[in-house]
Visitor: 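Just passing along the structure, written as structure tokens.
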Protein chains: 2
Amino acid sequence: MKKFSCGYEVTMEVIGGKWKGLVLYFLMSGPKRTSELKRNIPNITQKMLIQTLKDLEASGLVNRKMYNQVPPKVEYSPTELGESLKPILQELCLWGSHFAEQEYAEGEFEIVSPDEAF
Amino acid sequence: MKKFSCGYEVTMEVIGGKWKGLVLYFLMSGPKRTSELKRNIPNITQKMLIQTLKDLEASGLVNRKMYNQVPPKVEYSPTELGESLKPILQELCLWGSHFAEQEYAEGEFEIVSPDEAF
DNA sequence: CCGTATCCCTTATGATACTG
DNA sequence: CAGTATCATAAGGGATACGG
């Protein structure tokens, strides 16, 4: 059993890292196929995408629905628990956008080709 | 200049990782000396603590106030920008606590010796 | 289309000893 | 007390090729 001393650490265990929060956030706008997500987040590799989705599913934040057909079709969507993170993810995104705006002058941060989903 | 495609990534750049958000959260309850923080977060090494504080300061989230005396005294406190993250950090902490409670039955997550600050 | 398997590299983090 | 330096290790992530 993993031990933590505060809820913050737990949350980070679940959505921390480079991709988990981001992928979950994309799913908030509705069920998505693997290939859709890959297109939405071009920088993610297929390996990391699948691995991230597995992690999120294992944590109970994401549902995986498989259609038995050829070619295969799989859809991911947030569970209720996953949905409960929506406002937080939105705030995190918003805060970062404002921060980047302020810091843009210093030439430190820049948000390029912001996706519509955000 | 670092490029991002969404605010979420920016926020994670600033408070992501194992310690940054946690240390910042602890500072929310008021200015703290280095040694205080170390006591509050026993698992962090001195190296990581100092490094984390430096990062937070460089991002403009934390102020470092040095008193010229012997033995040295240094106090860290959140800037206004840092303060603006307070509600988000609280929600992240709260969400994790609830999650851990729910998952406790599965024997996956446990929050031990929760600090008063949380 | 979806997912797996390797191999490799970078980065983040940790242990420890040391200085003003 | 606050901070630095060095070395070592672990974890995360990326590139690529392959399979059902």
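Keep in mind that this is a model prediction, so the values were computed, not measured. In what follows, chains carry the letters A, B, and so on, assigned in the order in which the sequence lines appear, proteins first and then strands, with residues in each chain numbered from 1.
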Visitor: Find the distance A:Gln46:CD to C:dC1:P and express it as a whole number of Å.
Guide: 10 Å
Visitor: Please state how far atom CG in A:Leu22 lies from atom P in D:dG13, giving the value in whole angstrom units.
Guide: 12 Å
Visitor: Between C1' on C:dG3 and CG on A:Leu37, what's the gap in Å once rounded to a whole number?
Guide: 14 Å
Visitor: Nearest to the A:Thr45 side chain among D:dC1, D:dG3, D:dA15, which nucleotide is it?
Guide: D:dA15
Visitor: Could you check how far CD of B:Gln69 sits from P of D:dG3, rounded to whole Å?
Guide: 13 Å
Visitor: If you only use heavy atoms from C-beta on, which nucleotide in D:dA2, C:dC1, C:dT6 is closest to the side chain of A:Pro72?
Guide: C:dC1
Visitor: Using a cut-off of strictly less than 4.0 Å, decide whether A:Arg33 has a side-chain nitrogen or oxygen near OP1 or OP2 of C:dC2.
Guide: yes
Visitor: Which ranges of DNA chain C pair up as stems, where a stem means three or more consecutive Watson-Crick or G-U pairs with both distances under 3.5 Å?
Guide: C:3-20 with D:1-18
Visitor: From the set C:dT13, D:dG3, C:dC2, return the single nucleotide nearest to any side-chain atom of B:Trp19.
Guide: C:dT13
Visitor: B:Ser35 or A:Lys47: which one's nearest nucleotide on DNA chain D is closer to the 5' end?
Guide: B:Ser35
Visitor: How close or far is atom C1' of C:dC1 from atom NZ of A:Lys65, stated in whole angstroms?
Guide: 18 Å
Visitor: Go through the N and O atoms of the side chain of A:Lys18 and the base of D:dG12, and report whether any donor-acceptor pair is under 3.5 Å.
Guide: no
Visitor: Any chance CD of B:Glu80 has more than 12 other-residue heavy atoms, nucleotides or ligands included, within less than 6.0 Å?
Guide: no
Visitor: Classify B:Tyr67 by what it touches in the nucleic acid, base, sugar-phosphate, or nothing, heavy-atom distance under 4.0 Å.
Guide: nothing
Visitor: May I ask you to decide whether A:Glu110 forms a salt bridge with B:Lys2, counting only side-chain N to carboxylate O separations under 4.0 Å?
Guide: no
Visitor: Strictly below 4.0 Å: does B:Tyr76 bring a side-chain N or O up to OP1 or OP2 of D:dC1?
Guide: no
Visitor: Measuring only between side-chain heavy atoms, which start at C-beta, is A:Glu83 closer than 4.5 Å to A:Met28?
Guide: yes
Visitor: Who pairs with B:Glu75 by side chain to side chain contact (heavy atoms under 4.5 Å, CB included), at least two apart in sequence or on another chain?
Guide: B:Pro31, B:Arg33, B:Tyr67, B:Lys73
Visitor: What verdict does the side-chain hydrogen bond (donor to acceptor under 3.5 Å, both in side chains) test give for B:Ser29 and B:Lys32, after you've listed the backbone C-alpha separation in whole Å, the side-chain angles of each residue and the deciding distance to 0.1 Å?
Guide: CA-CA 9 Å; B:Ser29 55; B:Lys32 302 248 177 317; 3.1 Å; yes
Visitor: Rounding to a whole Å, what distance do you find between B:Asn68:CG and D:dC1:P?
Guide: 18 Å
Visitor: Heavy atoms within less than 4.0 Å of DNA chain D: which residues of residues 48-56 of chain B have one? Give them sorted by number.
Guide: B:Ile50, B:Lys54
Visitor: In terms of side-chain heavy atoms of A:Val74, which of C:dG3, D:dG14, D:dC1 is nearest?
Guide: C:dG3
